[in-house]
Amino acid sequence: MVTGSGGGKPADWCVTVHGGAGELPLEQRQPHAEGCAAAVRAAGEVLAAGGRALDAVELAVRVLEDDSKFNAGTGACLTESGTLELDASIMNGAELASGAVCSLPPFKNPIAIARAVLDDGRHILYAAEGASRFAIEKGFAPASPETMITPAVRARFERGSVVAESYAGSTVGAVARDKNGHVAAATSTGGTFFKRSGRVGDTPIIGAGTYADDDAGAASATGLGEAIMRVCLTKATIELLRHGMPVEEAARFAVMLLEMRGLGPGGIVLVDPHGAFGYARTTQTMSWAALSSNDPAPQRGF
Ligand code: ASP
């Protein structure tokens, strides 16, 4: 297990992202960390200008969805039928407002649709056809699968078979704290490679893949959805922060929950209400980056 933090230092504003728990080949590690750094740079501009944590996490995840190295938006992995079924969620710690979509057919930025669900406020989670109808009503245009399925993903699909169903890695997520002390979290994924059509993981489930509460902090999880959902990973971690556990320790405890029960691989990033961030993973890699009012440039790693 690997854990880290910004030394528990509070910050006026802070954004931290992950690019998925997994086992990246050596040559992909640095590029993934750079992709994460680009996302925190974009979100950091919003926060430095006094913008909202909610807008910052949405933007960070959009940047990662548009980066085809990651398993979210463009570059997301495929179901056993070779189709895209996308999951995303976003939560605002100020009033616990949440929005999510699951099994969404191709749309360029699933996180923007999750944000529209949050803003709309009537429901929290829309699935498949209903999610697609909601998105179109809100002015989002469906994307053609060819624009979102990258040659690398197509090649992996063609090499594999259904028995090769696997946890794909490279899911993306973000947490932030803004100058007004509000926190937010967002997560987006294509799920697991060769998943059955209709399979939904932790990412769009509030309390499993994503959670935010101004009184305690914000968290985004990655790893095997079937493990993360069993322990309600982000909500469990936020409760540790609520009871005063420092961020790095809370991150370690979170992934220990998965490890101790032998449930599956995972990782998490989190921020507390004072702008201190932490992360942990049980996997070989989890690309990440963080930027705060204390830093001149993004910290990053894998
Ligand atoms: N948690 C995601 C899922 O199970 C996958 C991942 O984080 O890589 O759908």
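Remember, it's 1-based here, ligands and their atoms both numbered in the order they're listed.
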For G191, the ligand 1 atoms with a heavy-atom partner under 4.0 Å come out as 9 (O)

Open item on the list: If only side-chain N and O atoms count, and only distance matters, is there a donor-acceptor pair under 3.5 Å linking S188 with E65?
Closed with: yes

The atoms of ligand 1 lying under 4.0 Å from a heavy atom of T171, numbered in the order shown, are 2 (C), 5 (C), 6 (C), 7 (O), 8 (O)

Determine, using ring centers only, whether F107 and F140 are less than 6.0 Å apart. no

So, H32 versus F70, ring centres under 6.0 angstrom or not? yes

Between ligand 1 and R199, can you find any atom pair, the residue atom being a heavy atom, that is separated by under 4.0 Å? yes

Worksheet item: ligand 1 and G201, any nitrogen or oxygen pair closer than 3.5 angstrom?
Response: no

*Side-chain donor-acceptor pair under 3.5 Å between T187 and T210, yes or no?*
yes

Between ligand 1 and G169, can you find any atom pair, the residue atom being a heavy atom, that is separated by under 4.0 Å? yes

Ligand 1 atoms nearer than 4.0 angstrom to some heavy atom of T203 are 1 (N), 2 (C)

Restricting to heavy atoms, the pick from I205, N71, D202 nearest atom 1 (N) of ligand 1 would be D202

Does any N or O of ligand 1 fall below 3.5 Å from an N or O anywhere on G223, backbone included? yes

